[in-house]
Amino acid sequence: MERTAYCGNLRITNVGESVTLLGWIANKRNLGSLVFIDLRDASGYVQLIAKNPDILPEIKNESVVQVRGVVSKKDVPNPSLPTGEIEVEITSMTLLSKAALTPFIIADKSDALEETRLKYRYLDLRRPCMLHNLRVRSKIVSLWHRYFEAHDFLEVETPILNLATPEGARDYLVPSRLHHGSFYALPQSPQLWKQLLMIAGVERYFQVARCFRDEDLRADRQPEFTQLDEEVSFMDQEEILTLNEGFLALLFKEIKGIDISLPLRRMPYWEAMDVYGSDKPDTRYGLHLIDLKDVFAGVEFDGFQGAYIRGIVVPGSAKSTSRKAVDELNMEARKFRLKGVMTLKLENGVLGGSFAKFLNEEQKAKVISSLSLKEDDLLLFAASPDRRAVDFGMGAIRTLEAKKLNLIDPNTFDLLWVVDFPMFDPIPGEEGKYTAEHHPFTRPRDEDLHLLDSNPEEVLAYAYDIVINGYECGGGTLRIYDHDTQWKIFNLLGLSDEDVARKFGWFIDAFQYGVPPHGGMAYGLDRLVMIFTGTDNIRDVIAFPKNLQAVDPTSKAPARVSKEQLDAVGITLIEGDEHEEE
RNA sequence: GGACCAUUGGUGUAGCGGCCCAACAUGCUUCCCUGUCACGGAAGAGAUCACGAGUUCGAAUCUCGUAUGGUCCGCCA
């Protein structure tokens with residue numbers, strides 16, 4: 001179609017040009033014999049002016065029009081728009097498609113609820129801020145390709161229809177028509193395939209990989225999501241981190257214009273847990289967790305028996321933290337298997353709070369001096385024999401207090417690697433049983449291999465997560481490349497020899513034929529876009545996301561299918577599961 | 001599987017036992033307007049307050065249940 005310019009690109013230098021524009025009518029201001037129209041296309045807005053409104057067709061908001069006109073300088077510029085110095089004097093306008101009244105106003109400052117926006121996602125995406133999010137997403141993927149191609153990585157597509165894996169998240173299953181009773185699974189990640197590519201000698205692989213997990217959703221979790229996936233042979237952990245720091249630096253430079261300083265900080269897992277109460281710490285603010293074992297030495301309190309005791313000092317918050325506020329903190333603490341959070345407050349020089357009655361004067365003085373408590377300081381702490389519970393619980397409270405005190409500057413970016421993850425995570429309540437902290441293909445550190453049999457909990461792994469502003473944006477590991485070690489890890493995770501042979505034989509057999517030492521990582525693309533667009537809702541960075549019930553709000557998928565479709569794949573729904581008539 | 005919160009004209013909110021067959025903003029319709037840019041001004045249309053039961057002389061308002069949506073825990077190797 002005839003189109004000589006894009007709305008958002010017109011500038012003062014274009015004054016005098018005749019242009020033909022295509023776009024949507026975003027808004028109109030009718031002054032009687034003078035009409036202003038904001039025209040929007042994918043590039044942005046420009047103001048149109050009709051000095052003779054009789055020539056205009058019927059102009060409903062969001063109708064699509066073709067406009068011919070002349071760019072002219074505005075008497076009074078509008079500095080809030082990039083095109084604010086000019087306007088286009090309409091010589092003719094053709095209505096291409098008339099719009100019905102939209103359910104909500106198409107503008108960045110829309111007041112519609114997310115539910116409404118998602119139902120009419122195609123209208124929601126017309127809002128420039130949403131289009132911007134899609135642009136940032138596209139830019140990240142583009143930089144991903146640019147960077148890893150420059151480092152000789154090869155993009156390889158891996159299968160979408162896979163063997164169901166017994167470990168990990170629940171699989172999305174796909175029934176097979178040719179093999180009644182058999183099912184494929186959608187990939188949770190291309191993990192095994194990319195390791196086979198290393199064994200195949202590809203050496204450097206990368207892929208934009210769609211992944212699927214049939215688990216419950218969250219504000220930052222979707223059932224289908226995109227990983228920027230990479231795997232490389234013959235690199236050690238430091239080499240992989242350095243390679244990826246180059247990519248991260250490129251992202252921040254190209255998207256934000258920020259030079260991040262390299263190398264990034266590497267923080268051991270247990271430091272992150274004990275000091276920040278998280279394996280994805282937000283280090284933009286303090287409120288560090290303090291070990292209180294020594295401070296409370298000699299205090300008679302049942303809950304301290306064999307317990308880890310950790311707390312945070314919240315400055316200037318003793319008076320402002322009400323009973324109700326403490327109740328809310330207790331609610332939060334209980335989410336992490338803690339009984340609650342205890343308080344000490346220094347008010348008017350006297351130590352009060354819920355725990356004060358367990359302390360004698362001498363002990364109170366010790367608490368004040370050893371923590372250097374100042375007037376109006378609040379000490380929040382918890383105790384539990386479960387180290388992770390104390391750390392995660394106080395970490396959650398640290399985050400709440402930081403938000404309350406407004407300690408987080410949203411315009412700063414804070415990047416670090418969390419390294420030295422434990423190989424295994426004990427299953428609470430089941431002595432001697434473990435799950436893999438990362439995944440079963442993770443390579444234990446060489447210096448810890450001797451602990452595998454005696455003390456598996458102490459084995460650390462070659463595993464690393466990239467954490468930005470408290471979000472885990474990616475992670476990876478070096479992989480086991482020895483057949484016997486891989487087998488042994490499966491055994492430690494509770495799989496019998498028969499289980500391993502049956503479920504992973506097709507994979508582990510490959511380890512007999514010469515395996516390069518290899519490792520890799522994957523970024524959560526959706527999380528990266530969230531960081532770069534400053535949103536905390538994953539649905540804002542995906543064009544057509546699912547809602548929390550894993551339903552597509554636009555099409556209402558999933559839905560029942562016809563009996564014919566079920567028959568073709570040999571599936572009968574169980575009784576009582578009423579089947580709606582088609 | 002569990003906890004908590006929400007649901008009121010097209011949209012977003014207020015109202016939290018009688019001042020409410022419901023208020024405000026915005027959108028919509030009609031009219032006026034030559035410099036607006038969140039244009040302004042005037043008039044108007046538009047809601048059985050998610051659904052079902054209950055408490056009460058009286059329910060948008062209280063209780064219970066259901067549905068839908070959101071946030072979190074479990075879960076997410």
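Residue numbering restarts at 1 for every chain, and letters A, B, ... go by the order of the sequence lines.
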Does A/Arg221 contact B/rC75 through a side-chain donor or acceptor facing the base, at a distance under 3.5 Å? yes
Less than 3.5 Å apart, any donor N or O on the side chain of [X] or [Y] sitting next to an acceptor on the other?
X        : Y        : answer
A/Trp24  : A/Asn61  : no
A/Tyr523 : A/Asn244 : yes
A/Asn547 : A/Glu115 : no
A/Tyr45  : A/Gln47  : no
A/Gln188 : A/Asp171 : yes
A/Trp270 : A/Asp391 : no
A/Asp41  : A/Ser43  : yes
A/Asn78  : A/Ser80  : yes

With the side chain defined as heavy atoms from C-beta on, A/Leu101 is closest, among B/rC72, B/rG27, B/rU11, to B/rG27
Whole-Å distance between [N] [atom2] and [X] [atom1]?
X        : N      : atom1 : atom2 : answer
A/Lys546 : B/rG70 : NZ    : P     : 13 Å
A/Gln222 : B/rG70 : CD    : P     : 10 Å
A/Leu113 : B/rU71 : CG    : P     : 12 Å
A/Leu338 : B/rC72 : CG    : P     : 19 Å
A/Asn547 : B/rU68 : CG    : P     : 10 Å
A/Asn537 : B/rG69 : CG    : P     : 15 Å
A/Glu437 : B/rA77 : CD    : P     : 11 Å
A/Ile105 : B/rU26 : CD1   : C1'   : 5 Å

Say you pick atom [atom1] in [N] and the same atom in [M]; how far apart are they, in whole Å?
N      : M      : atom1 : result
B/rC31 : B/rA67 : P     : 49 Å
B/rG52 : B/rG10 : C1'   : 27 Å
B/rG54 : B/rA43 : P     : 45 Å
B/rG44 : B/rC4  : C1'   : 43 Å
B/rU7  : B/rU13 : C1'   : 12 Å
B/rA53 : B/rA14 : P     : 28 Å
B/rA38 : B/rG15 : P     : 30 Å
B/rU26 : B/rG18 : C1'   : 31 Å

Identify the pairs formed between an N or O of the protein and an N or O of nucleotides 1-4 of chain B at a distance under 3.5 Å, and give each distance.
{"from": "B/rG1", "atom 1": "O6", "to": "A/Asp216", "atom 2": "OD2", "distance (Å)": "3.3"}

Could you please name the partner base of [N], counting Watson-Crick and G-U wobble pairs only when both distances are under 3.5 Å?
N      : answer
B/rC4  : B/rG70
B/rG58 : none
B/rU11 : B/rA25
B/rA42 : B/rU30
B/rC20 : none
B/rC75 : none
B/rC49 : none

Which label fits [X] and [Y]: parallel for a plane angle under 30°, tilted from 30 to 60°, or perpendicular past 60°?
X        : Y        : result
A/Phe504 : A/Phe441 : perpendicular
A/Phe212 : A/Tyr172 : perpendicular
A/Phe507 : A/Phe511 : perpendicular

Under a 4.0 Å heavy-atom criterion, the protein footprint on nucleotides 34-41 of chain B, written with B, S and -, is BBBB-B--
Which part of the nucleic acid does [X] contact within heavy-atom distance under 4.0 Å: base, sugar-phosphate only, or nothing?
X        : result
A/Pro440 : base
A/Gln188 : nothing
A/Leu548 : base
A/Thr442 : nothing
A/Lys60  : sugar-phosphate

### Query
When you look at A/Asp220 and A/Arg527, which way does the salt bridge (charged side-chain N to carboxylate O under 4.0 Å, His left out) test go after all the steps?
CA-CA 7 Å; A/Asp220 61 353; A/Arg527 298 256 173 97; 3.7 Å; yes
Heavy-atom nearest nucleotide on RNA chain B taken for A/Leu192 and for A/Gln549; more 5' hit belongs to A/Gln549
Under 4.0 Å between a side-chain N/O of [X] and OP1 or OP2 of [N], yes or no?
X        : N      : value
A/Arg539 : B/rU71 : yes
A/Thr102 : B/rG10 : no
A/Arg213 : B/rA77 : yes

